[in-house]
Amino acid sequence: MNDCLFCGIAAGDIPSTKVYEDETVLAFRDLNPQAPVHILVIPKTHITSVNALTEENAASATACLLAIPKIAAQEGFAAGGYRVVSNCGADAGQTVPHLHFHILAGKRLEDSMA
C-alpha cells in the first residue's frame, strides 16, 4: 500500500532501526517507546489489523508471532518476561493501519493496561 508508513519501512523506503528480519516479518525499535524496550513486529504484507485477518493472510500474522520469542531471546529479555500487544482500531490506540505487535520489556510492567 503506497501511503502506509509501515509498508514504506518494510520496503526500505523509510529508515528504521531493525532488530529482526526474515522473508515475511520485520521488527524494529519504536520511535516513541513506552518501555525501556519497545519493538514493533510487522508482517511485510499489508494487513490493516487483526480485524482484517483471513484464512489467506493468517500465515503472515503467525510468522510475526513465531518471530517474537526469537527476538526476545536475541535481545536478551526473554528470561525476565515481556508483553505483546496488538491495538485494533482507533479506540484501542492503533495509529498506523498496518497489523503490528508491540513487544514491551526492560522493566516490570504495570498490571493495569487501561
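The model shown is predicted, which means the values in this text are computed figures rather than measured ones.
Scored by the salt bridge (charged side-chain N to carboxylate O under 4.0 Å, His left out) test, Lys107 finds no partners at all (sequence neighbours excluded). The side chain to side chain contact (heavy atoms under 4.5 Å, CB included) check on Thr54 picks up Glu56, Asn57, with sequence neighbours excluded. Evaluation of the side-chain hydrogen bond (donor to acceptor under 3.5 Å, both in side chains) rule for Lys70 yields no partner, not counting sequence neighbours.
Between Asn32 and His38, the closest heavy-atom pair is O-ND1, 4.0 Å. For Ala52 against Thr48, the heavy-atom pair with the smallest separation is CB-OG1, 3.3 Å. Contact record, Ala73 with Ala78: N-CB, 3.9 Å, taken as the closest heavy-atom pair. The two residues Val25 and Cys64 make their nearest non-hydrogen contact at CG2-N, 3.6 Å. Scanning all heavy atoms of the two residues, the minimum distance from Pro97 to His46 falls at O-CE1, 3.1 Å. Nearest heavy-atom pair across Gly106 and Pro36 is O-CG, 3.7 Å.
Atom CD1 of Ile68 is separated from atom CZ of Phe101 by 6.0 Å, given to the nearest 0.5 angstrom. Here the straight-line distance linking atom CG of Leu40 with atom OG of Ser16 works out to 9.5 Å at 0.5 Å rounding. How far CD of Glu21 is from CD1 of Ile71: 11.0 Å, rounded to the nearest 0.5 Å. In this structure, OG1 on Thr17 lies 9.5 Å from CD1 on Ile9, to the nearest 0.5 angstrom. Of the inter-residue distances, the one linking Cys7 atom SG with Ile14 atom CD1 reads 9.5 Å to the nearest 0.5 angstrom.
Here the side chains of Leu99 and Phe6 are not in contact, with every heavy-atom distance at 4.5 Å or above. Looking at heavy atoms from C-beta onward, Asn87 lies in side-chain contact with His102 at the 4.5 angstrom threshold. Residues Ser86 and Gln94 are not in side-chain contact: their nearest non-hydrogen atoms beyond the backbone lie 4.5 Å or more apart. For the pair Ile103/Val37, no side-chain contact is recorded, criterion being any heavy-atom separation below 4.5 Å from C-beta on. For the pair Pro69/Tyr82, a side-chain contact is recorded, criterion being any heavy-atom separation below 4.5 Å from C-beta on. Counting heavy atoms from C-beta outward, Val19 and Gln74 have side chains that approach closer than 4.5 Å. In this structure the side chain of Ile39 reaches within 4.5 angstrom of the side chain of Phe77, judged on heavy atoms.
A continuous path of Ile, Leu, Val, Met, Phe, Trp and Tyr side chains, each step under 4.5 Å between heavy atoms, connects Tyr20 with Leu65, placing both in one hydrophobic cluster. Under a hydrophobic-cluster definition in which Ile, Leu, Val, Met, Phe, Trp and Tyr are linked whenever side-chain heavy atoms come within less than 4.5 Å, directly or via other members, Phe28 and Leu5 are assigned to the same cluster. At a threshold of 4.5 Å between side-chain heavy atoms, the hydrophobic network of Ile, Leu, Val, Met, Phe, Trp and Tyr places Ile42 and Val84 in two separate groups.
Here the side chain of His100 pairs no donor or acceptor atom with the backbone of Ala27 at under 3.5 angstrom. A donor-acceptor contact shorter than 3.5 Å links the side chain of Lys44 to the backbone of Asp22.
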